Amino acid sequence: MNKQRKKTSFFSQKIVRRLPLFTFLVVVLGLSQALAQGTEGDAAKGETLFKNNCASCHKVTAERSVGPGLKGITERRDVPWLVKWIHNPSAMIASGDEYAVKIYNEYNKVQMTSFPNLSEDDIKGILAYIEQANAAPAAQAEATGAPAAGGATAQAGAPSDLFILVLVALLVVMLLVLGVLLVIVTILSKAVGGETTEGSEGTFMTRLRTSLTKVAGNSVVRSATIWVFVLLVVKATIDGAFNVGVQQGYAPKQPIAFSHKLHAGDYKIDCNYCHTGASRSRSAHIPSANICMNCHGVIKKESPEIQKIYEAIENDRPIEWVRVHNLPDLAYFNHAQHVNVGGLQCQQCHGEIEKMEVVQQRSSLTMGWCIDCHRKTDVNTKGNAYYDNLVQLHGQENKGALKVADIGGLECSKCHY
Ligand code: HEC
Ligand code: HEC
Ligand code: HEC
Ligand code: HEC
Ligand code: HEC
Ligand code: HEC
C-alpha cells in the first residue's frame, strides 16, 4: 500500500515537472511562428520581388534612376491605378491616361517592363516594402545602394538578426519563469507530501536556495535549454541554406580604385570600349591593362593608383581584379545572346554601373531570377528574320506576345550543361 502511494506520487511529480516544459516549448514555437509572420510577411516578400524585378530601374527613395524614385508613390497614385500600370504600362500609355503619358514623356519614352504575372497581393507587398524602407533609415541607406564595402553583410542584415535577438531575450525570460515555477512546485509538493528531507527543517529562504541549486542541476531544465538551442540552430541553418551562393549586394574592394562612376558616368566611355566581349561573346571580358594605357599612357601618370597599372605592365602580371558576378559552373550564361540578340541593356541586369564608385552585384543571379525574366520578357523580334516564322506560328496559337519562355527559355538544357 505504501509502495503504491510512493509510485503514484512519483509519477504525478514527473508529470507536474514535465508540464511546464511542454507548455514552454509550445509557447516558444507559437511565438516564433507569430514573430516570423510579423517580420517576414508581405513587405519581406515585396522586398524580394522589388529587388528581382524593379531595383534595376527604380530606387525606393525619391532619387531618380532609369525610372522615377518610388518614395511616396502610394500618395501620388492609388492602388488600382498602380496595379494596372505595373501589369501593363504600355497599354496604359496607349489608352491616353494623362498621368501615364506625362511620366512616359518625362522619362524620355523609356519603356517600363510589364509584369502581368505579379498578383495584386505581390504588388501590395512591393508597395508595403517601399513604405517600410522609407520609414526605416537603415533600410533606406541600404536601398540607395551606397556601394560601401561589405554590402553583402548589410544585405543579410537587420530583420533576421533582430528576430533572433528578440527570440533569445524571450527565451531567457521564459527560462527564469520556468525555474521559479519548478521551485514552487517542488516546495509545494514537499509541503503536501510532508516529506522530511534535510532541507525541510531550515527556513523558507534556505529551502528556496537549495531548491534553486537543484533547479540549476535539474535535467529537465538542462534538456529544455539544449532543445531550444538546437531549434534555434536548425532555424538559422535552414535560413542560411536558402542563401548559399547568393551574393546580391557583394561589392569587394578592388586592387586599383577604378571608378565606373568616373569613367562610364562622368566621361561617358562606352561599356563596350572596355568590355569588348559583351556584344559578341559569352563573356563580357574585363579589360587588360593595355586598354587602360590607351588613355593613361598620358592621363594622370603621376597618380599612385595609375602607377599600379604601370607596375602590372612592367612586371608582365595581369591586374588581379576581384570577380564580382559569378555563376556556378553548372550554369551557362551568354552575354551576346542577351545584349546583341535580345537587345537588353547592361543596366537591366547589372543596375546603374555608371553611378557606382565600386561595382556592386545588384541582381540575385539565382535561377529564379533568370526564369522570371524569361517568363515575362518579350523576344526582340523586330528586324530579325530568324523569328518571322516563329512569330507567325505563335500568333496563330494565341494572342499574347512571344516571350523568351516560348522559344525555350525555360528548358533546363539551355542553361545547364
Ligand atoms: C526597365 C526599367 C524598369 C523596370 C524593370 C521597372 N520600371 Fe517602373 N518605370 C520605369 C520607367 C522608365 C518609368 C517612367 C514612365 C515611363 O517611362 O514609362 C516607370 C514608372 C513607374 C511608376 C510610376 C512612378 C511615378 O512616380 O509615378 C511606378 C509606380 C513603377 N514604375 C513601378 C514599378 C515596379 C513596382 C516595378 C517592378 C515590379 C517596376 N516599376 C519595374 C522603368 C522600369
Ligand atoms: C574604362 C574601362 C571600363 C568601362 C568604360 C566600363 N567598365 Fe566595367 N569594368 C572595368 C574594370 C577594370 C572592371 C574590373 C574592376 C571592377 O570591378 O571595378 C569592370 C567591372 C565591371 C563589372 C563587374 C565584373 C565582375 O567582376 O563581375 C561589370 C558588371 C561592369 N564592369 C559593367 C560595366 C558597364 C555596364 C559599363 C558601362 C555602363 C562598364 N562596365 C564600363 C572597366 C570598365
Ligand atoms: C578612354 C580613356 C580612359 C580609359 C580607357 C581609362 N581611363 Fe582611367 N581615367 C580617364 C580619365 C579622363 C580620368 C580622370 C583624370 C582626372 O581626374 O584628371 C581617369 C581617372 C582614373 C583613375 C583615378 C586617378 C586619380 O588618382 O584620380 C584611375 C584609378 C583610373 N582612371 C584607372 C583606370 C583603369 C584601371 C583603366 C583600365 C581598366 C582606365 N582607367 C581606363 C580616362 C580613361
Ligand atoms: C541578362 C542579364 C545581363 C545583361 C543584359 C548583361 N549582363 Fe553582364 N553578367 C550577367 C551575368 C549573369 C554575369 C555572370 C556570368 C558568369 O558568371 O558566367 C555577368 C557578368 C559580367 C561581367 C563579368 C565578366 C564576365 O563576363 O563574366 C562583366 C564585365 C559584365 N557582365 C558586363 C556587362 C556589360 C558591359 C553589359 C552590357 C553591354 C552586360 N554585362 C549585360 C548578366 C547580364
Ligand atoms: C532581364 C531579362 C533576362 C534575364 C535576367 C536573363 N535573361 Fe536569358 N534571355 C533574355 C532574353 C530577352 C532572351 C532572348 C534572346 C533572343 O532573342 O534569343 C534570353 C535568352 C536566353 C537563352 C537562349 C534561350 C533560347 O531558347 O534561345 C539562354 C540560354 C538564357 N537566356 C540564359 C539565361 C541565364 C542562365 C540567365 C540567368 C543567369 C538569364 N538568361 C537571365 C532575357 C533575360
Ligand atoms: C534560364 C536559365 C535556367 C533554366 C531554364 C534552368 N536553370 Fe537551373 N539554374 C540556373 C542558374 C543560373 C543556376 C545557378 C543559381 C545559383 O547559383 O543560385 C541554376 C541552378 C540549378 C540547380 C542547382 C541548385 C540551385 O538552386 O542552386 C539545379 C539542380 C537546377 N538549376 C536544375 C534545373 C532544372 C531541373 C531545370 C529545368 C526544369 C533548370 N534548372 C532550368 C539557370 C537555369
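Counting starts at 1 for both ligands and their atoms, in listed order. Note that the structure is a prediction, hence the values are computed from the model and not measured.
Within ligand 3, counting atoms from 1 as listed, the ones closer than 4.0 Å to a heavy atom of Glu305 are 29 (C). For ligand 4, the atoms sitting less than 4.0 Å from at least one non-hydrogen atom of Cys271 are 35 (C), numbered in the order shown with element in parentheses. Below 4.0 Å from some heavy atom of Ile269 lie the following atoms of ligand 3, by number and element: 1 (C), 2 (C), 3 (C). For ligand 4, the atoms sitting less than 4.0 Å from at least one non-hydrogen atom of Ser283 are 25 (C), 26 (O), numbered in the order shown with element in parentheses. Listed by atom number, the atoms of ligand 5 under 4.0 Å from Val379 heavy atoms are 17 (O). The Ile299 neighbourhood of ligand 3 comprises atoms 12 (C), 15 (C), with distances under 4.0 Å to a heavy atom of that residue. Contact atoms of ligand 5 toward Cys373: 1 (C), 2 (C), 3 (C), 4 (C), 5 (C), 42 (C), 43 (C) (distance under 4.0 Å to a heavy atom of the residue). Of all atoms in ligand 3, listed by their number and element, those nearer than 4.0 Å to a heavy atom of Ile291 are 5 (C). For ligand 5, the atoms closer than 4.0 angstrom to any heavy atom of Ile407 are 25 (C), 26 (O). Near Ala257, meaning under 4.0 Å from one of its heavy atoms, ligand 3 places the atoms 29 (C). Remark: ligand 4 atoms within the under-4.0 Å shell around heavy atoms of Gln345 are 5 (C). Those atoms of ligand 5 that come under 4.0 Å of a heavy atom in Gly408, given as number and element, are 26 (O).
With hydrogens left out, the protein atom closest to atom 29 (C) of ligand 5 is Lys414 O, 3.2 Å, a heavy atom. Closest protein heavy atom to atom 17 (O) of ligand 4: Leu327 N, 2.8 Å. Among protein heavy atoms, atom 38 (C) of ligand 5 sits closest to Cys370 SG, 2.8 Å. For atom 27 (O) of ligand 4, the closest non-hydrogen atom of the protein is Arg323 NH2, 2.7 Å. The closest protein non-hydrogen atom to atom 35 (C) of ligand 5 is Tyr332 O, 3.2 Å. The protein heavy atom nearest to atom 42 (C) of ligand 4 is Phe333 CZ, 3.3 Å. At the top of the distance list for atom 11 (C) of ligand 5, counting protein heavy atoms only, stands Val404 CG2, 3.3 Å. Nearest protein heavy-atom neighbour of atom 16 (C) of ligand 5: Tyr387 OH, 3.1 Å.
Remark: ligand 4 and Arg282 share no N or O pair separated by less than 3.5 Å (distance only, no angle test). In terms of polar-atom proximity, defined here as any N/O pair under 3.5 Å, Tyr273 makes no such contact with ligand 3. Taking only nitrogen or oxygen atoms, main chain and side chain alike, His263 reaches within less than 3.5 Å of ligand 3. Inclusion of Lys300 in the set of residues having an N or O under 3.5 Å from an N or O of ligand 3 is warranted. For ligand 5, none of its N or O atoms has an N or O atom of Thr366 under 3.5 Å away.
Side-chain atoms of Tyr273 and Asn294 form a donor-acceptor pair, as typed in the model, at a separation below 3.5 Å. Ser283 and Ser281 share no side-chain donor-acceptor pair at under 3.5 Å.
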For this session: Go through the steps for Glu302 and Gln307 under the test side chain to side chain donor-acceptor pair (under 3.5 Å), then give the verdict.
Result: CA-CA 7 Å; Glu302 73 294 348; Gln307 280 302 317; over 6 Å; no
Problem set entry | Derivation of the salt bridge (Lys or Arg N to Asp or Glu O under 4.0 Å) call for Lys84 and Glu120 | CA-CA 9 Å; Lys84 234 170 111 190; Glu120 198 170 325; over 6 Å; no
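Asp42 has its side chain out of reach of Lys124: every pair of non-hydrogen atoms, C-beta onward, lies at least 4.5 Å apart. In this structure, the side chains of Lys376 and Ser114 stay at 4.5 Å or more apart for every pair of heavy atoms. Under the 4.5 Å side-chain criterion, counting only non-hydrogen atoms from C-beta, Val341 is not in contact with Val379.
Proximity of the aromatic rings of Phe258 and His263 is defined here by a centroid distance below 6.0 angstrom, and this criterion is met. Side-chain rings of Trp85 and Tyr99 stay apart, their centers remaining 6.0 Å or farther from each other.
Exactly one residue among Ile123, Leu118, Asp372 makes a side chain to side chain contact (heavy atoms under 4.5 Å, CB included) with Leu49. That residue is Leu118.
Using a 4.0 Å cutoff on heavy atoms, Cys274 does not count as a contact of ligand 3. Using a 4.0 Å heavy-atom cutoff, Asn294 is absent from the residues neighbouring ligand 3. Contact between Val341 and ligand 5 is present, with at least one heavy atom of the residue lying under 4.0 Å from the ligand. Heavy atoms of Cys415 come nearer than 4.0 angstrom to ligand 5 in at least one pair.
Residue-level proximity to ligand 5 for Leu344 is carried by the side chain, the only part with a heavy atom below 4.0 angstrom. Contacts of Leu262 with ligand 3, taken as heavy-atom pairs under 4.0 Å, involve the side chain alone.
Looking at Lys308, its side chain does come within 3.5 Å of a backbone N or O of Pro255 through a donor-acceptor pair. Within the 3.5 Å criterion, the main-chain N or O of Ala278 finds no donor-acceptor partner in the side chain of His275. Of the possible polar contacts, one joining the Ser363 side chain to the Cys349 backbone as a donor-acceptor pair under 3.5 Å is found. In this structure a side-chain-to-backbone donor-acceptor pair under 3.5 Å is present from Thr48 to Ala44.
The CD1 atom of Ile353 sits 14.0 Å away from atom NZ of Lys261, with the distance rounded to the nearest 0.5 Å. Separation of atoms CG (Asp122) and CG (Asn117) is listed at 9.5 Å; rounding is to 0.5 Å.
Around atom 8 (Fe) of ligand 4, protein N, O or S atoms at less than 2.8 Å comprise His335 NE2, His350 NE2.
For atom 8 (Fe) of ligand 3, the nearest N, O or S atom contributed by His296 is named NE2. Distances from atom 8 (Fe) of ligand 5 to each N, O or S atom of His374 single out NE2 as the nearest.
Taking 2.8 Å as the criterion, Cys292 does not count as a coordinating residue of atom 8 (Fe) of ligand 3, since none of its N, O or S atoms falls below it. Atom 8 (Fe) of ligand 3 has no N, O or S atom of Cys295 under 2.8 Å away, backbone or side chain.
Open room surrounds CG on Asp329; 12 or fewer heavy atoms of other groups in view lie less than 6.0 Å from it.
Relative orientation of the His335 and Phe333 rings is perpendicular, given thresholds of 30° and 60° on the angle between their planes.
Stacking of Arg362 on the aromatic ring of Tyr250 is not recorded, the 6.0 Å distance cut-off and the 45° axial limit not both being met.
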